[in-house]
Amino acid sequence: MKYEFHKIESKWQKKWMDEKVFAAQNGGDKPKYFTLVEFPYPSGNGLHVGHARPYTAMDVVSRKKRMDGYNVLFPIGYDAFGLPTENFAIKNHIHPKLVTEKNVNHFREQLISLGYSFDWDREICTTDPEYYKWTQWIFLQLFKKGLAYKAKMPVNWCTSCKCVLANEEVVDNACERCGSPVVRREKSQWMLKITEYAQRLIDDLDDLDFIERVKIQQRNWIGRSTGAEIDFETTAGDKLRVFSTRPDTIFGATYMVISPEHAMLDKWMESLENAEEVKAYKALAAGKSDFERTELNKEKTGVTLKGVSAINPVTGENIAICVSDYVLATYGTGAIMAVPGHDERDWEYAKKFGFPIIEVVKGGNVEEAAYTDTEDGVMVNSGFLDGMHVTEAKKTITKWLADKGIGTEKVNYKLRDWVFSRQRYWGEPIPVIHCEKCGYVPMDESQLPLLLPEVDSYEPTDNGESPIAKMRDWVETTCPCCGGPAERETDTMPQWAGSSWYFLRYMDPKNDEALASEEALKYWNCVDWYNGGMEHTTLHLLYSRFWHKFLYDIGVVPTKEPYAKRSSHGMILGEGGEKMSKSRGNVVNPTDIINQYGADTMRLYIMFIGDFEKAAPWSSDAVKGCKRFLDRIWNLGQQAKGATGEEYSKENEASIHRTIKKVNDDILDMKFNTGIAALMSLVNEFYDKGVSRGDMKALLLMLSPYAPHIAEEIWEILGFKGMCCTQAWPEYDESKTVEAEKTMAVQVNGKLRSTITVATDSDDQAVIDAACADPKIAKMMEGMQLVKTIVVKNKLVNLILKPQA
RNA sequence: GCCGGUGUGGCGAAACUGGCAGACGCCCGGGACUUAAAAUCCCGUGCGGGGUAACCCGCGUACCGGUUCGAUCCCGGUCACCGGCACCA
């Protein structure tokens with residue numbers, strides 16, 4: 001009988017599907033386990049090997065957990081709103097709904113063909129109105145709690161397409177589609193107050209089982225820093241507030257800088273002697289793109305205000321106020337006290353514009369360069385702070401400022417509020433109505449979902465509005481508040497909206513009264529293990545933690561955090577080690593591999609390719625090795641056919657027990673590659689020593705999470721009952737794995753010289769005697785003196801020899 | 001610049017975090033089977049050197065140094081590559 005993988009694979013895929021083998025139950029005696037993979041964006045290109053790696057890994061984990069007796073929820077869906085689909089629709093004059101449907105069908109087929117054990121009854125799609133109804137519902141709750149608001153924000157404007165672009169569409173300051181320059185424009189946008197959750201998003205990381213680099217990256221992204229806000233008196237009579245992490249260096253503050261967008265500037269403008277110059281600078285800064293403004297090594301520019309200056313509160317000296325775009329309007333207070341002696345940027349500016357540079361922390365040479373390595377420094381030229389260590393000085397000055405009522409401790413975050421609107425068609429409509437009288441009014445929840453209107457053209461409009469804005473009979477409505485004429489919001493939500501809560505919907509996907517029932521939410525609690533790409537660390541992962549915390553606050557979900565554990569996979573690179581891309585022509589299509597070698601080989605190879613967390617280059621040769629391995633197992637199965645009994649053979653028993661432990665541990669540690677290596681070694685031993693039906697049973701059970709189809713087929717051929725994938729994981733007996741004898745290394749002065757075989761757990765003296773008795777060692781010991789011995793049980797003995805005196 | 005990570009044979013990688021470096025797989029070489037080839041099975045395979053030989057001797061985990069009986073693993077320094085952030089005061 002030949003190993004006909006095509007037949008076998010479609011046979012079992014159909015059985016699993018028909019018998020709903022992997023359907024999760026919302027309840028029951030078994031402990032629950034929720035495994036999650038990032039649901040795919042159903043692009044026209046179909047599934048990529050980049051999907052196969054994390055999906056196979058979590059499928060292996062899910063299958064293993066089922067064998068361990070868990071009620072496993074392993075769901076899948078599609079994150080289908082988004083630009084590529086919309087762009088395809090524009091180009092081909094076809095409704096994005098139809099494009100999505102076609103792509104989803106293709107993805108589903110491919111996912112099934114890989115043998116993934118998804119619960120297909122819980123499949124979801126973010127573009128389904130029954131789904132986005134709840135995305136809109138969550139938005140309304142955010143709006144009602146004041147966490148969604150409208151604000152004027154700079155947006156990316158493509159000068160050629162005459163439309164607003166999402167940040168992802170801007171590559172190197174140019175439009176991704178047409179290559180024309182992108183400039184900033186002010187536009188009113190919906191924003192979500194994620195910053196309100198900044199501290200909790202940092203604090204709650206501590207208790208989560210996330211891989212460390214994810215935690216670090218999130219913390220850095222949120223970017224907490226502590227310091228003080230200090231008010232400087234100005235000659236205009238008002239105060240200029242600054243934020244500084246180094247209030248201790250205030251004696252060195254020789255001038256101040258405010259950002260070109262700072263509100264004070266307009267206030268002062270009339271009294272400025274050089275108002276024209278300042279206005280010109282403001283206009284210049286406004287015309288620059290983000291990219292130009294933040295460009296590195298750019299020479300600092302700025303204008304000193306004439307007619308307004310400030311007073312340094314500790315020195316009482318009059319200091320200049322400058323406007324410069326090296327100070328950002330969006331961080332802190334948009335104004336700084338410049339301490340050129342100890343800040344590189346201030347130093348550079350002061351050198352160029354001739355401001356005094358004062359050393360206030362001992363150690364460097366501030367005439368040469370800013371001295372910033374001041375953590376352990378001592379204060380100088382700082383009045384009452386002189387001689388203090390910087391940490392003491394910080395405390396002292398903060399208290400001094402507080403006592404005077406001109407300064408307070410302050411924490412700042414780099415994290416910004418989330419720009420939540422897109423001027424696009426293919427997204428969830430924002431369910432808010434604008435009324436001249438009542439302002440922004442939430443839609444009545446009972447009216448949800450607010451369906452996307454049918455439009456004639458999906459092209460963005462010339463004025464940067466969503467194509468929906470053209471649908472006047474959709475836009476024009478009545479105000480739910482006063483009943484007067486009003487207009488609907490025409491912006492749609494970003495792609496991140498639907499993916500911020502999708503895991504909750506899996507718990508109860510068909511519920512039409514709530515995003516999921518309370519019982520389902522309680523039962524599944526949170527995701528036990530979520531695997532996904534590092535590229536989602538600071539967007540999707542952070543956004544969904546934010547939404548979840550909000551839902552927790554309003555009593556919808558029972559947990560503070562959505563994901564108990566987060567792991568991340570490395571990228572699959574092209575054959576030569578460079579990134580896979582269409583333009584390089586090195587993209588591997590999983591379907592091609594399945595056609596040539598079968599899904600089991602594909603799955604096995606993608607898990608065997610290397611360390612799961614690291615990038616790994618594809619190798620079509622190495623794929624063959626995995627196919628060969630399955631062929632060998634198939635042959636073993638043929639050999640065992642017709643045999644009876646379920647005992648392990650004496651010859652293989654110890655190896656089987658050892659392998660059970662190894663494969664078990666490696667799956668839970670995500671060391672799939674070494675787990676497979678252990679299975680390969682076991683198969684090699686079976687070839688050596690022969691195989692019993694019982695030996696095969698153990699092998700098939702261990703193989704089934706990785707290569708489930710062939711495991712089922714041989715399982716059936718050998719006449720075992722039920723399906724392999726519904727069996728319990730084989731038991732492992734430590735006592736059966738210990739060998740009677742151990743080969744130990746013998747070192748002389750730390751160098752390996754020989755090996756000896758001794759009884760396991762021999763005592764040290766017996767080992768030393770055996771080592772000395774070894775002919776090679778005995779020869780080396782001639783004329784030498786044994787000064788020391790080190791024995792590591794069952795591993796090695798090291799003899800320290802010295803020439804005899 | 002800052003924050004992470006990585007560096008091991010011809011290649012992908014292992015090594016219970018201080019104890020026989022290179023498991024497993026690919027490639028390659030040899031043999032068996034075959035009229036032949038493919039497939040399959042068996043054997044070999046870090047580098048250099050010595051021996052007719054079973055074997056023996058050096059050198060080897062990016063580089064330099066340190067700690068240790070013993071270092072891929074710990075410490076100090078250097079270099080290279082990858083990822084993230086980047087005028088965040």
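Each chain gets a letter, A, B and so on, in the order its sequence line appears, and its residues count up from 1.
The base-pairing partner of B/G58, taking Watson-Crick or G-U wobble contacts with both distances under 3.5 Å, is B/C47. Nucleotide B/A80 forms a Watson-Crick or G-U wobble pair with B/U6, both donor-acceptor distances falling under 3.5 Å. Both distances falling under 3.5 Å, in either a Watson-Crick or a G-U wobble arrangement, occur for no nucleotide opposite B/U68. Partner assigned to B/C24 is B/G12, using Watson-Crick or G-U wobble distances below 3.5 angstrom. Remark: B/G1 base-pairs with B/C85; criterion is Watson-Crick or G-U wobble with both hydrogen-bond distances under 3.5 Å.
Here B/G60 is in the anti range [glycosidic angle more than 90° from 0]. Its glycosidic angle being more than 90° from 0, B/U78 falls on the anti side.
The backbone N or O of A/Q199 lies less than 3.5 Å from no partner atom in the side chain of A/Y197, so there is not a single donor-acceptor pair.
Protein atom CG of A/D631 is 12 Å distant from nucleotide atom P of B/A39, rounded to whole Å. When rounded to the nearest whole Å, the span between CG of A/D666 and P of B/A13 equals 17 Å. The distance between atom CZ of A/R632 and atom C1' of B/C41, rounded to the nearest whole Å, is 8 Å. To the nearest angstrom, P of B/U68 lies 18 Å from NZ of A/K751.
When the options A/K410, A/R241, A/K239 are evaluated for a salt bridge (Lys or Arg N to Asp or Glu O under 4.0 Å) with A/D231, the one that passes is A/R241.
Taking the C1' atoms as reference points, B/C75 lies 13 Å from B/G18, given to the whole Å. A distance of about 47 Å separates the P atoms of B/A38 and B/C74, rounded to the whole Å. Separation of the C1' atoms belonging to B/U61 and B/C56 is 25 Å when rounded to the nearest angstrom.
Note on A/S681: only backbone sugar-phosphate atoms sit closer than 4.0 angstrom, heavy atoms only; bases stay farther off. Across all strands, A/I336 comes closer than 4.0 Å to base atoms (heavy-atom distances). Note on A/K671: only backbone sugar-phosphate atoms sit closer than 4.0 angstrom, heavy atoms only; bases stay farther off.
An OP1 or OP2 oxygen of B/U68 is reached within less than 4.0 angstrom by no side-chain nitrogen or oxygen of A/K788. At B/A89, one or more side-chain N or O atoms of A/S225 fall inside 4.0 Å of OP1 or OP2 (strictly under the cut-off). Taking 4.0 angstrom as the limit, A/R628 places a side-chain polar atom (N or O) nearer than this to OP1 or OP2 of B/C27. Residue A/N673 places no side-chain N or O under 4.0 Å from the OP1 or OP2 atom of B/C24. Proximity of A/Y326 to the phosphate of B/A89: no side-chain N or O atom is located under 4.0 Å from OP1 or OP2. The phosphate of B/A38 (OP1 or OP2) has no side-chain N or O of A/K624 nearer than 4.0 angstrom.
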Protein and nucleotides 78-80 of chain B: nitrogen or oxygen contacts under 3.5 angstrom:
none

Nucleotide N/O to protein N/O under 3.5 Å, stretch nucleotides 3-8 of chain B:
{"from": "B/C3", "atom 1": "O2'", "to": "A/N220", "atom 2": "ND2", "distance (Å)": "3.2"}

List every contact pair, protein side and nucleotides 48-56 of chain B side both N or O, where the distance is under 3.5 Å.
{"from": "B/C56", "atom 1": "OP1", "to": "A/K776", "atom 2": "NZ", "distance (Å)": "2.8"}

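The CZ atom of A/F232 lies 10.0 Å from the CD1 atom of A/I321; values are rounded to the nearest 0.5 Å. In this structure, OG in A/S225 is found 6.0 Å from CG in A/N412, a value given to the nearest 0.5 Å. With rounding to the nearest 0.5 Å, the separation of CD in A/E782 from CG in A/L801 is 11.5 Å.
Under a 4.0 Å N-O distance rule, the pair A/E299/A/K352 qualifies as a salt bridge.
Proximity of A/L703 to A/I710: side-chain heavy atoms (C-beta onward) are separated by under 4.5 Å at one or more points.
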Apply side chain to side chain donor-acceptor pair (under 3.5 Å) to residues A/N673 and A/D611 and explain how you reach the verdict. CA-CA 7 Å; A/N673 52 339; A/D611 186 333; over 6 Å; no
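Checking A/I790 against A/G625, the closest nucleotide of RNA chain B that is more toward the 5' end is the one next to A/G625.
Counting atom types as modelled, A/Q217 pairs no side-chain N or O with a base atom of B/G83 as donor and acceptor under 3.5 Å.
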